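Let me begin by presenting the structure, written as structure tokens, before commenting on it.
These numbers come from the heavy atoms of this one structure, side chains and all, not from hydrogens, waters or symmetry mates. The structure displayed is predicted, hence computed values, not measured ones.
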Amino acid sequence: MRPEDFRSGEAAATPKQLRVGFVLARSFTLSAFALFVDTLRLASDEFDRSGRVLADWQVLGSTRHLIASSCGVQVAPTSDFVDPSRFDYIVVVGGLLTVERPVDLETIMFLKRASSQGVPLIGLCTGTFILADAGLMASHQTCVSWLHAKAYKERFPDLPVRSDRLFNLDRRRGSCAGGSSAADMAALLVRRYISREAERNALEVLQIEKARSPGDVQPRRPLHENYDDDRVRAVMITMEQNMEDGISIPALASSVGLSRRQLERVFLEKAGMSPAQAYKRVRMERAKVLLAHSKLPMIEIALDVGFENASHFARAFKRIFGATPSQVRATSGRAH
């Protein structure tokens, strides 16, 4: 029995064994892999015995050579590339984007074969880059870390991507920002495929009080304002990702399931300003960072944050910060 399109219903009365194959990229992220596989291990039986009763997993590879993670720890594949239909999910664990060939051609062919057989594919951390490079993310929305959102857009401009969520399940594709959210994603699959009890057992041993959902917003250091409302935070993240070309207020509202009027009310209540004012503030904060930490010409900074010319940008900047961009740059230069 295989889950259909990351089935959304509760687990069947009689649990089936969940079978997961892992593909590790060169310089993969060890924490994401470890949290995902340990969630499976702890959900598989009781009393932390590591028995593979309710779940089974293999690390797949074109060779049995050790695969080095980004921190230097090496993992050995436990299986060759067998028939993909033996697994309910294939999880691709990515890592450093600076690695030129994170996986070999045989791995790509295996992933394409899995896709053709209808096996759901999950990109963990930057594993989605590998899937997208292989042409396997077409027509699927991808979730990546805010750290990698710009790189994903530049490399795959025609593919939809978001970085305001921890993970995403879109039909036969899954994607995850990485880090601790790997445990959240694994826990959801355990709950849906095995049982809530199995999920609870895993989380308790991992000392995780409660698994987060796909709708939870990524913890994000660059947010300039600290708002309690997830809708406001998610919209502002989207604003930050779309400064140069811009995105309409109705489209921003739709991204969080609201109408334009509802979004206006939420922003006025929670942020004390309209979405349009917030958008301008986000652009100006970005410009302030570029002024302080780059030597880009003023016109390039203006274009980068969505203004057509430097003079319009300078006037808008001064209205918000009470100083011109040139004055801010000069002050920052003295501070350094």
Backbone of Arg196 reached by a side-chain donor or acceptor of Arg191 within 3.5 Å: no
Any donor-acceptor pair under 3.5 Å from Gln117 side chain to Ser85 backbone: yes
Over all atoms of both residues, closest heavy-atom pair of Ile90 and Ala114: CG1-CB, 4.3 Å
Qualifying residue for side-chain contact (heavy atoms from CB on, under 4.5 Å) with Asn242, from Ile247, Ile237, Val282: Ile247
Which residues share a side chain to side chain contact (heavy atoms under 4.5 Å, CB included) with Asp229, sequence neighbours left out: Arg231, Val232, Val266, Lys270
Cluster overlap Leu96 with Leu30, hydrophobic side-chain contacts below 4.5 Å: no
Side-chain H-bond candidate by donor/acceptor type, Arg212 with Ser180, under 3.5 Å: yes
Shortest non-hydrogen contact from Ala202 toward Ala43: CB-N, 3.8 Å
Face-on cation placement of Lys288 at Phe321 ring, 6.0 Å and 45° thresholds: yes
Gap separating the CD atom of Glu199 from the CD1 atom of Ile208, nearest 0.5 angstrom: 10.0 Å
Closest approach of Cys143 to Thr128 (non-hydrogen atoms, all atoms of both residues): O-CG2, 4.4 Å
Candidate pair Leu111 and Val92, rule side chain to side chain contact (heavy atoms under 4.5 Å, CB included), full reasoning: CA-CA 9 Å; Leu111 293 174; Val92 182; 3.7 Å; yes
Parallel, tilted or perpendicular, as decided by the 30° and 60° cut-offs, for the rings of Tyr152 and Phe129: perpendicular
Non-hydrogen side-chain atoms of Leu203 and Lys210 separated by less than 4.5 Å: no
Nearest non-hydrogen partners of Ile299 and Ala310, listed with the distance: CD1-N, 3.8 Å
Nearest heavy atoms of Pro77 and Arg64, plus distance in Å: O-CD, 3.7 Å
Cationic N near anionic O, under 4.0 Å, Asp83 to Arg113: no
Beyond-backbone contact of Val235 with Phe267, side-chain heavy atoms, under 4.5 angstrom: yes
Qualifying residues under side chain to side chain donor-acceptor pair (under 3.5 Å), relative to Asp104, sequence neighbours excluded: Ser62, Thr107
Partners passing side chain to side chain contact (heavy atoms under 4.5 Å, CB included) against Thr324 (at least two apart in sequence or in another chain): Lys318, Ser326, Gln327
Arg286 vs Asp304 side-chain heavy atoms within contact, under 4.5 Å: yes
Backbone of Thr63 reached by a side-chain donor or acceptor of His65 within 3.5 Å: no
Test item: Ser181 side-chain N/O and Phe167 main-chain N/O as donor-acceptor pair under 3.5 Å: no
Ser44 side chain vs Arg41 backbone, donor-acceptor pair below 3.5 Å: no
Whether Glu154 side chain and Ala151 backbone form a donor-acceptor pair below 3.5 Å: no
Which residues share a side chain to side chain donor-acceptor pair (under 3.5 Å) with Gln277, sequence neighbours left out: Ser274
For Asp158, all residues meeting side chain to side chain donor-acceptor pair (under 3.5 Å), sequence neighbours excluded: none
Step-by-step side chain to side chain contact (heavy atoms under 4.5 Å, CB included) determination, Leu189 to Phe36: CA-CA 10 Å; Leu189 298 184; Phe36 200 108; 4.0 Å; yes
Distance (rounded to the nearest 0.5 Å) between Glu308 CD and Ser311 OG: 10.5 Å
Nearest-0.5 Å distance that lies between atom CD1 in Ile301 and atom CG in Leu291: 4.0 Å
Gap between atom CG of Asn168 and atom CG of Asp170 - 0.5 Å precision: 6.0 Å
Donor-acceptor contact present, side-chain Arg19 to main-chain Arg86, <3.5 Å: yes
Gap between atom CD1 of Ile130 and atom CE of Met137 - 0.5 Å precision: 12.0 Å
Side-chain donor or acceptor of Arg26 paired with backbone N/O of Arg101 under 3.5 Å: yes
Arg265 and Glu269 ion-paired at < 4.0 Å: no
Ala234 backbone acceptor or donor facing Thr238 side chain under 3.5 Å: yes
Interatomic distance, Leu166 atom CG to Ser175 atom OG [nearest 0.5 angstrom]: 11.0 Å
Sidechain-backbone polar pair: Thr39 side chain, Leu35 backbone, donor-acceptor under 3.5 Å: yes
Residue pair Phe28 / Thr126, side-chain heavy-atom distance below 4.5 Å: no
Intermediate values then yes/no, side chain to side chain contact (heavy atoms under 4.5 Å, CB included), Val161 and Gln141: CA-CA 6 Å; Val161 63; Gln141 188 178 75; over 6 Å; no
Non-hydrogen side-chain atoms of Gln17 and Tyr193 separated by less than 4.5 Å: no
Over all atoms of both residues, closest heavy-atom pair of Gly94 and Cys125: O-CB, 4.1 Å
Step-by-step side chain to side chain contact (heavy atoms under 4.5 Å, CB included) determination, Leu97 to His148: CA-CA 9 Å; Leu97 291 178; His148 304 127; 3.7 Å; yes
Side chains of Met185 and Leu169 in contact at under 4.5 Å (non-hydrogen atoms): yes
Side-chain heavy atoms of Leu40 within contact of Val20, under 4.5 Å: yes
All side chain to side chain contact (heavy atoms under 4.5 Å, CB included) counterparts of Gln58, not counting sequence neighbours: Arg52, Asp56, Leu60, Thr78, Ser79, Phe87
